[in-house]
Amino acid sequence: MTALATRLPSRFLPVLATVVLFALTFGVGSVRYDGFASGQVIANLFIDNAFLIVLAAGMTFVILSGGIDLSVGSVVALSTMVTAEGLKAGWSLPLVVVAVLLIGSTLGLLMGLVIHKFDIQPFIVTLAGMFLARGLCFLISVESVSIKDSTVRSIATAVIELPGGVTITYNVVIALLVVLAALYVLHRTRFGRSVYAVGGNESSALLMGLPTARVKVGVYVISGFCSALAGLLFSLYMLSGYGLHAVGMELDAIAAVVIGGTLLAGGVGYVLGSLAGVLVLGTIQTLISFQGTLSSWWTKIVIGALLLVFIAVQRTLVRQRPS
Amino acid sequence: MTESVSPIVEMRGISLAFPGVKALQDVDFRLFPGEVHALMGENGAGKSTLIKTLTGVHTPDSGSVLLSGDTVAFSSPGQAQHAGISTVYQEVNLCANLTVAENILLGREPRRFGGIDFPAMRTKAAEVLTRIGVHIDPASVLSTHPIAVQQLVAIARAIAVDCRVLVLDEPTSSLDAGEVAELFRIMRVLRDEGVAILFVSHFLDQVYEISDRMTVLRNGTLVGEHLTKDLDRRALISAMIGRELGTLEAIEDASERLSASGPVLVHAEGLGRRGAIAPFDLEIRAGEVVGLAGLLGSGRTELARLLFGADKADSGRLLVDGTPVHLRGPRSAIAAGIAFCSEDRKGEGLVADLSIRDNLVLAMQAARGWSRPVPRKLKDQLVEKYLAALDIRPANPDALVRTLSGGNQQKVLLARWLVTEPRLLILDEPTRGIDIGAKAQIQQLVTTLAAEGTAVLFISAELEEVVRIATRIVVLRDRHKIAELDGGASVDDVVELIAGEHVPEEVAS
């Protein structure tokens, strides 16, 4: 990829912009607040956003293929609910994990099939999926269910010590593994390259003899799987299951992917960009909490402004591209 | 390329219908190894449909496709490619966001340990590119190259597999002379390697230069298969656009209506637009049917779009009733009494999801302006009048336009313009792809309108139709107006002009 970078700087421009933005926001924080520029603050960025990183990785597949998945936040909530209730009912941890991942992937598969077979806008289908999953949560329980299982609690609180006294949780390890896997699949497998091809030009991809159906359904399965996995991480993070968990998180995931330089039209973007996007969102949140007096809603205002700027920048980049 | 060699592709009795249109009817087609076979025909003749039937995009309603003597039924382009049939389409059907190497090898990348082996992929892509003499960096992104190079990359993709049949659907439309020569060199190399090449082009010079054999289609039916050396240009053009096969309702001979024309309505002086149509002079009188004849790409539609203000002229001027008008766009043309029935009735003309009534009312309302609503009674009257006048079926004003056949959609489009009571009606291919009965009705309507004093500019790829109903014929070639013939001209006169074999005396200034 480094050889590519020297040859095609313009393609990496949006990702580079995000990385620069991350460095800038972090730099501002380091100058203004004591203790901001510490390894643990960076580690906390990952710890507090591990589930979002996983969500964004799945969302990157969907958006690269030219689609969108609005159901991910609700699937996270449903996963926390199944986890909490499952553990309460005495299921073993591996069984809970398998069940949650299966439910998420199946929901994704169903939505993908509907999108493909009936040729319906992904926006509408995943909107339906969003309501469905959210509704299922409350069918299980309307209350917040706390997780009391001792194994789970010990995993949740376990830390890994890195050199320099910085600690991270297992959530971070899993999130980073997901990013690595996504990188491999997107760049080293036929499926991954077909995702880019379908997003670039679906009818061309079909005429080139690529399995467009498998790609279009597959990305929603991946997104569903990632949502379920993110839900498991979120359960560990919150130690509870609740139908009102992760409300609007699908929008955070989409925002991270777009700020990370992935074109909403599909075909262009990188998982690492989405990772950088999540880190930018996290840094802004950290900045505002360090500031102390600002309302936390300022996070949303800044994210909104950033999104607008990034979409405008993408638009100009696309216009410059010869079609 | 002797007859004793058996064909690699044989298509027998292929028929295929789309809603409202019979795209192919009982078409036979053969393709031999080691030949370049040109598939000829005007727009809508069924060339692309036949190709897509061969490459697995469409499945024929009846008929069979044989590859090396075995019946095959491809349900996707991927299957056809797997069987050795590669296709390069008119528009570059590649993914511009990926690299050249990926575009050549996507779906069949070399792999190592389960992952794509990028160095091997670049090496292999470079080999294929070298084979056809293209020297570009396989790792560069496709969108950074001009269209012509992208087209060559598409060919590289087609031959990167063991390809026995190469289909080139108008590959030259975006290439300049040097690039075409390069493409032909590549085609000859492949032909000599035994690849069967199916070639489609609207440029006759190119067809005669490269092809060994041709098959001519018209209106979805097979006209004939000939060796290129046995079929001269005149005979080819006649076959493509000449004789109408079916019987049409008798329409009075155009020459008998010569006296009908009134005062000059529209007068173009040196009107032209660079890259679309060279400056031309044209007078259209009230009550006249002016036919525009010429091959596809000769500038027929472009000329009409200038008169309608859909494109801006960059030279000359346009006079309506002797007064110069400046057309800023279709709206000012409509205000001047000019109507334009577009060739693309689905894309530009009708709102398919609205009813017949709503489509008619839309045009009426646009003509009246938004501040003067159309009274319900007037609406019903007009809708009823045009349903009857044009014999639109079903005669139900609430039927959705989408559900009508092609011919009836065309009639609704016509009716839509007629409610605005235009003085000049421009009809671009009004009879394309519709059945013979509707065709005759539309032709009849055109002559009736002219008799009532409307000026009509009639564009059609079917020469016989133009000759039959036009009182005057303007002939276009290579985006130039080359001649103007009066209504007594025959199909042969026009064919001769289009083929450009000699320059007749009647050539207009």
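Here is the naming used below: chain letters follow the sequence lines, and residue numbers restart at 1 for every chain.
Atom CZ of A:Phe131 has 12 or fewer neighbouring heavy atoms from other residues, nucleotides or ligands inside a 6.0 Å radius. Open room surrounds CD on A:Gln121; 12 or fewer heavy atoms of other groups in view lie less than 6.0 Å from it. Within a 6.0 Å sphere centred on CZ of B:Arg108, heavy atoms belonging to other residues, nucleotides or ligands number more than 12.
Panel note: side chain B:Arg157, backbone A:Met208; a donor-acceptor pair is recorded below 3.5 Å.
Only the side chain of B:Tyr89 comes within contact range of chain A, judged by heavy atoms closer than 4.5 Å. For chain A, the nearby parts of B:Glu109 are the backbone and the side chain; heavy atoms of each come within less than 4.5 Å. Residue A:Phe191 does not touch chain B at all, counting heavy-atom pairs closer than 4.5 Å. Residue contact with chain A, scored on non-hydrogen atoms closer than 4.5 Å, involves the backbone and the side chain of B:Leu94 alike.
Side-chain contact between A:Thr189 and B:Ile116: absent, with no pair of heavy atoms (C-beta onward) separated by less than 4.5 Å. Between A:Arg188 and B:Phe118, the closest side-chain pair of non-hydrogen atoms falls below 4.5 Å. No side-chain heavy atom of A:Leu207 sits less than 4.5 Å from a side-chain heavy atom of B:Thr87.
Across every non-hydrogen atom of B:Arg111 and A:Arg190, the tightest pair is NH2-NH1, 3.4 Å.
If you tally non-hydrogen atom pairs under 4.5 Å between each of A:Gly199, A:Ser204, A:Ala205, A:Gly209 and chain B, the highest count goes to A:Ser204. When the candidates B:Gly56, B:Gly78, B:Ala80, B:Pro77 are compared by the number of heavy-atom contacts under 4.5 Å with chain A, B:Pro77 comes out ahead. Most heavy-atom pairs under 4.5 Å with chain A: of the set B:Asn103, B:Thr55, B:Leu142, B:Val57, this distinction falls to B:Asn103.
Atom CG of A:Asn201 sits about 8.5 Å away from atom CG of B:Asn97, to the nearest 0.5 Å. Note: B:Leu105 CG to A:Arg193 CZ = 12.5 Å, rounded to the nearest 0.5 Å.
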